[in-house]
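Reminder, nothing fancy here: chain letters follow the sequence lines and each chain counts from 1. Note that these values count all heavy atoms, side chains included, but never hydrogens, waters or copies made by symmetry. All values derive from a computational prediction rather than experimental measurement.
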Number of protein chains: 2
Amino acid sequence: MAATLRQLEYLVTVVDTGSFTRAAEQLHVTQPALSHQVRALESALGGPLLERLPRAVRPTPLGRAVLPHARAVLADAQRLHAAARRTAGLEDGELEVATVHSIALGILPPVLRAWRRRYPAVRIRLREYPHADLLRAAMAAGGADLAVGPVPTDWDGPVRELGVEEFALVLPSDDPLANPPDGALPLSALADRDWVHYAPGHGLAELLDQSCARAGFLPRPAVRTEQTAAAPMLAAAGLGPALVPATILPPTLDAAVLHPHPPIHRPLAAYTRTRPDHLTTTFTEILATHTRLTAGNPQSSAGRTAHIDCAD
Amino acid sequence: MAATLRQLEYLVTVVDTGSFTRAAEQLHVTQPALSHQVRALESALGGPLLERLPRAVRPTPLGRAVLPHARAVLADAQRLHAAARRTAGLEDGELEVATVHSIALGILPPVLRAWRRRYPAVRIRLREYPHADLLRAAMAAGGADLAVGPVPTDWDGPVRELGVEEFALVLPSDDPLANPPDGALPLSALADRDWVHYAPGHGLAELLDQSCARAGFLPRPAVRTEQTAAAPMLAAAGLGPALVPATILPPTLDAAVLHPHPPIHRPLAAYTRTRPDHLTTTFTEILATHTRLTAGNPQSSAGRTAHIDCAD
DNA sequence: CCCCAGCCATAAACTGTGTGCATGGCAGCA
DNA sequence: TGCTGCCATGCACACAGTTTATGGCTGGGG
């Protein structure tokens, strides 16, 4: 009833070689098999496609009408196979990566640069979420091929741990507390300050609140920003202290950048729902290699580091 | 090993419906058949194309790379089937018609006009030959879908007779023989004239020679033209008498147009190698309807008409 | 926690399709 | 005339596609 790719290939080869016998040789089938398939195609399309002359074949008007389309179908099929090969060989394709805003700002740019240098033809598509819980939910629902963010809770797919992300305190350069001994400052020293806070639902709002709660106070918000990148800028401008991932700080920021004491860390991971394919695996390797994180496992430093709930 | 059209259709439908179950319904197959075919396609292309989520399916990077090509294949296959339908319905396609020069000049133009009015989308491709024997040989060798010309000798394919083509004598208007009684002139009256002849190998050269031989003389050529259409013009200009198919005479020719006596006819036919398809048959019907030929069968008038060898 | 519905995968049996071998018919050539 | 080349047809077999039956997993509701 419907034409098959094989039949179309047979027809085109018969026309190109000018004979059933030569086409059969070229296609490594027997002449009767070929004859039978072309006949079936003629039946499917409603009439003879080829006129069988004593020493040649000749396309009929119907055959001539159909031939260019047959060639197009076969060319498309070849492109399909070529695209599959290229994607498998990391010479084409697109990977969808989901992450939280701060990681998109801090950790991923150098990783994407390295990726682009190594696999220039494979595109990366970024999907950003304001909170690690939203990231996790979206990932569970199929929102991307790979998620990069705080280690997800109750995740039964493969998880690749990347290391821990450090947080920094940002104050104006001329703040009285801008130069503490060894550059470390307890959060409690800023208990009476108004803070550069994050908008409700932003993962770092939750992290800030919890960290301050542990230091015995509730941070009063001077301003709430939805943009992670704005926090250090606002702190530098004197709106109040900000707690930000160290990786998002611009190198040229004119501000005091201090270590919270005790340190505030957050373990990060790359995770997928199912066993990742070659493309996803390769990206994860580049990610692990080029990520500017503190090496180590939060469990091994649990005795000396504040253990925080992982949120963005 | 190789993807099949069916597998590609299955893949695209699963992606478009978002589920194997719905795709199976839409395609009128069972879900396991669909599952099995998509699996086979994944095996053929070297990896998973779809990620099976609990309530959805999601294309993998490989699947996403392949999908546009799969759609292209299916679209071209649809165009192929559509082209076949259109050609069968005389809404598309191209017919190759072989003929001799004089018929291309005289009989075919009004036929092609009528064809174009009736089937505007079906193109006609003309192949012209100087001699009916060349036409016949080319047709035997597959040179066109349909031949229109003098009835071929020893032809075992289908032959459709179209009627007989009359020949006319052309003289200058002021020729002493320009106004014979009842417009008929025996060829012998022009025995001492130099004639507008045709180039060697031109079918009408042979016809002229034979017609004159029957009248008892050999025509001396004043000029030999390769162009059939030039003959009446040269005769009108006074180069000598010309014998031409009546159908090629322009309506506005300033010349004496006489009937040879006895009349010179030539039976014409349309012929194919094998049983013609619908397109060819329809064209032949239009040809038979619109051809400006003398109705009749050369056999029925054999007693009163010079029977000539058919050449162009 | 259990039950149910929805969804996809797998196995086995059956049906449909593609292929090779054998054979025959036709045309062209020596 | 005989031989070769070429395509079509018939039959048997192997492979591919499909259905029926079954099972496993997830999510939602009681």
Sugar-phosphate only, base, or nothing, as touched by A:T21 at under 4.0 Å among non-hydrogen atoms
sugar-phosphate
Which one, [options], comes nearest to the side chain of [X]?
X	options	answer
B:Q31	D:dG17, C:dG20, C:dC8	C:dC8
B:R39	C:dT19, C:dA9, D:dC7	C:dA9
A:V57	D:dC7, D:dT18, D:dC6	D:dC7
B:R52	C:dC8, D:dC7, C:dG20	C:dC8

Would you say C:dA9 has OP1 or OP2 under 4.0 Å from some side-chain N or O of B:S35?
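So the side-chain polar atoms of B:S35 do come within 4.0 Å of the phosphate oxygens OP1 or OP2 of C:dA9, strictly under.
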Ranking A:D156 and B:P32 by the position along DNA chain D of their nearest nucleotide, the one closer to 5' is B:P32
Closest-nucleotide 5' rank along DNA chain D - winner of A:A33 and A:R55:
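Comparing both residues, the 5'-ward one is A:R55.
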Euclidean distance, atom [atom1] of residue [X] to atom [atom2] of [N] [Å, nearest integer]:
X	N	atom1	atom2	result
A:Q37	C:dG16	CD	P	17 Å
B:R273	C:dC26	CZ	P	19 Å
A:F20	C:dC26	CZ	P	18 Å
A:L5	D:dA16	CG	C1'	15 Å
A:L49	D:dA8	CG	P	12 Å
A:E42	D:dA8	CD	C1'	12 Å
A:L41	D:dC7	CG	C1'	17 Å
B:H36	C:dA13	NE2	C1'	13 Å

Near DNA chain D, which residues from residues 6-13 of chain B have a heavy atom under 4.0 Å away?
B:R6, B:Y10
Electrostatic pair [X]-[Y], nearest N-O below 4.0 angstrom:
X	Y	result
B:E96	A:R58	yes
A:R85	A:D92	no
B:R22	B:D16	no

Review item, side-chain donor-acceptor pairs of residues 60-69 of chain B, under 3.5 Å, at least two apart:
from  : atom 1 : to     : atom 2 : distance (Å)
B:T60 : OG1    : B:P48  : O      : 2.8
B:T60 : OG1    : B:L49  : O      : 3.3
B:T60 : OG1    : B:L62  : N      : 3.4
B:T60 : OG1    : B:G63  : N      : 2.9
B:R64 : NH1    : A:D145 : OD1    : 3.3
B:R64 : NH1    : B:P59  : O      : 3.0
B:R64 : NH2    : A:E94  : O      : 2.7
B:R64 : NH2    : A:D145 : OD2    : 2.6

Would you say the side chains of B:D277 and B:T280 form a donor-acceptor pair under 3.5 Å?
yes
So, applying side chain to side chain donor-acceptor pair (under 3.5 Å) with B:H131, which one of B:E206, B:H101, B:H202 is it?
B:E206
Exercise: identify the closest heavy-atom pair between A:V159 and A:A269:
CG1-CB, 3.6 Å
